[in-house]
Amino acid sequence: MTEQTQDVQQEHRKFIEDLGGWQRSHNCGELTLAENGAEVCLMGWVQYRRDHGGLIFVDLRDREGLTQVVFSPDIAPAAHENAHILRSEYVLAVRGKVRPRPEGMVNANMVTGAIEVVAHEWKLLNTSKTPPFAIEDRCEAGENLRLAWRYLDLRRPRMQANLRLRHKVTQSVRRYLDEGGFVEVETPVLTKSTPEGARDFLVPSRLNPGEFYALPQSPQLFKQLLMVAGLDRYFQVVRCFRDEDLRADRQPEFTQIDLEMSFADENQVMSIAEGLMARVFREVMDRDLPLPFPRMSWDEAMRRYGVDKPDTRFGLELVDITDIVRNSGFKLFATARLVKAMKVPGGESLTRKEIDAFTEFVKIYGAQGLAWIKIKPAEWQSPIAKFLSEAERNGIAQALDLTAGDIVFFQAGEPEMVNAALGNLRVHLAEHLDLIPKNSFNFLWVTDFPLYEYDQEEKRYVACHHPFTAPAPGHLELMRSDPSRAKARAYDMVLNGSEVGGGSIRIHSGETQRRMFEALGFTPEQAESQFGFLLQALEQGAPPHGGLAFGLDRLVMLLAGASSIRDVIAFPKTQKATCLLTEAPAPVAARQLRELGLRLREQPAREPEAGSGAKARPGSDPVQA
RNA sequence: GGAGCGGUAGUUAAGACGGUUAUAACGCCGGCCUGUCACGCCGGAGGCCGAGGGUUCGAGUCCCUUCCGCUCCGCCA
């Protein structure tokens, strides 16, 4: 802040008082004409100050809303005189009387707009430095500033609404699962690192030098052990950790609604999960969800949408035309393992510039280019139409039900690339053309996932879901003979094109679990050393069981209409997994490392700072001179 | 590991072809104002143009390096 600002605020601090027994009578969002004439006491922050010299208006804010407080020299001269010092975000307590606003002065945009509180006396509970950004929803401060001053960011009504929405969701979840006989059990945060899956966060052990705990990627094995223990139905709202790169919908620590049930098949698990969503939507969103949710096999999802989490709020489905162009003179099509087309009705009006942008878009997914055909009344306008025979053109027209005004996009090549490119282009186009209905929540189950996918880097099969997922009935032999064809008893819940939950029926036979590890390339000894406790447990009367986990952050993000899960997490991390508020991670003292039996191979980039002094945050003083 | 966008006053942005004193709005400080509500009017302060190096008579602008934020690919059983 400027010298002047600092002096002013410093001067004002002399007027700070204690609560002195004052108690709030109401919050700042509830007073209406019903309280007309009442003596009230409000406490909160100064949102806006409108000082007319004669009259002073202050909008007082707490988490419930805004109330206009009037300081008038005619009614309380002392209170009015002192109120000139008020500034943004000063904290006050106000005692006064509720009165209707004068004729024509009602503010219809405010819940409390019919009344105002005339201050009789007030206390300054605290001053505030000028905030680095305005505490209001329309404020568009950069994300780095918002994260560095997160507690101020969280003062904004929208962020408070997000956190309270999240609270309502978890409360609703707890009620529903409790009523369903699910027992909330806490599982360890310091646990064992396991191969497979994401990179672990590791925690060194002081008592066992050279050894490490891992933070759980999920409580998967513990919840299975709870089933073996006979808990029957378990749930947990639980923090999980994965040391992978971040995205708008991925944080290194995130929260799952984790549940598991014994003596249940996939239909029962899915039914419980649907009921849970219906309950949340009823209680939190005031909406009724039609049950059951539609189901779609993984094969069908990939075929029609190119992705395993299709957004079915709009059309633009993909059509496989590989067979139609198998013998085409157009070598790109004829030699490709997969050729798919996507029709955009009315897309003929897309400009060359737009198509070029889409071409750049699909290159992200490894596409070389993007073939297209505009269907004109008399002809096909396209760089590739001349390569297609009459029969091929007829075949394509029929397969896609083409009419004049359409545009068709093509992708040919390896199936993974073709599906990824067109599947993602499909969503991109829908956003570009505004085809996605607003305020619609489209749930869908994707089922019958492959049990394995081939990992090119490791040259082996890895579990598509996780290594504890049961194979589909009759697919036990395929685990050895042809892993690529084995299907899993796994299911994902998809909401508006986002995976919000996923689960499976688990392997509850030690023998099958051993066979799974074998298929993943583990020697029996490796399986024993890594997962011996699980194998043992499965041989001690493990009941059939299965479950599922919801990504709470992602779910709340969708309910809140937020574009990043950071907006529904109180203290999120940046894309580099740092916390701009606390400046974690940070170097530690040499002594701490010694105690843990650790030595750094390289000098730390920065030394640990002594004490807990001021942070070197950009603009430690909000209004820096 | 890779691709793209961004970093200029407290904030959000303009300035980009290299050329006077780097703009604007909001915010901040001071003054005036008794019905405002994102109050209004008048005046003022506020900048190492993310950092470092280079080219040049001259760099916010061109080149190189680097740091930070965001989006995405890979990765995320």
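Worth saying up front: this structure is predicted, and the values here are computed from it rather than measured. Just so we're on the same page: letters track the sequence lines, and every chain starts at 1. What you see below is based on every heavy atom in this structure, not just the backbone, and it leaves out hydrogens, waters and symmetry mates.
- For B:rC37, there is no paired nucleotide, since no Watson-Crick or G-U wobble pair has both relevant distances below 3.5 Å.
- One finds a side-chain N or O of A:Thr574 lying less than 4.0 angstrom from the OP1 or OP2 phosphate oxygen of B:rG69.
- Distance from the side chain of A:Arg250 is smallest to B:rG74 among B:rG74, B:rU71, B:rC39.
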If you look only at distance, which donor and acceptor atoms sit under 3.5 Å apart when one is on a side chain in residues 215-223 of chain A and the other is two or more places apart or in another chain?
unit_1, atom_1, unit_2, atom_2, d
A:Gln217, OE1, A:Ala198, N, 3.0
A:Gln217, NE2, A:Ala198, O, 2.7
A:Gln217, NE2, A:Asp200, OD1, 2.7
A:Ser218, OG, A:Gln220, N, 3.2
A:Gln220, OE1, A:His466, NE2, 3.4
A:Gln220, NE2, A:Gln224, OE1, 2.9
A:Gln220, NE2, A:His466, NE2, 3.4
A:Lys223, NZ, A:Asp258, OD1, 2.6
A:Lys223, NZ, A:Leu259, O, 3.2
A:Lys223, NZ, A:Glu260, OE1, 3.3

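- Ranked by how close their nearest RNA chain B nucleotide is to the 5' end, A:Asp59 and A:Ala198 are led by A:Asp59.
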Filtered N/O pairs between nucleotides 1-5 of chain B and protein, under 3.5 Å:
unit_1, atom_1, unit_2, atom_2, d
B:rG1, O6, A:Asp245, OD2, 3.4

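- As judged by a 4.0 angstrom heavy-atom cut-off over every strand, A:Phe133 is placed among residues making no nucleic acid contact.
- Between A:Gln68 atom CD and B:rU36 atom P there is a gap of 10 Å when expressed in whole angstrom units.
- In this structure, the side-chain hydrogen bond (donor to acceptor under 3.5 Å, both in side chains) partners of A:His432, at least two apart in sequence or on a different chain, are A:Glu354.
- Residue A:Asp74 is in base contact, counting any heavy-atom pair closer than 4.0 Å across all strands shown.
- Using a 4.0 Å cut-off, some side-chain N or O of A:Arg87 falls inside it from OP1 or OP2 of B:rC29.
- A:Tyr365 comes within 4.0 angstrom of the backbone, heavy atoms only, and of no base.
- For the pair A:His52 NE2 and B:rA38 P, the computed distance is 11 Å after rounding to whole Å.
- Phosphate contact (OP1/OP2 of B:rC37, side-chain N/O of A:Thr112, threshold under 4.0 Å): absent.
- Partner assigned to B:rG30 is B:rC42, using Watson-Crick or G-U wobble distances below 3.5 angstrom.
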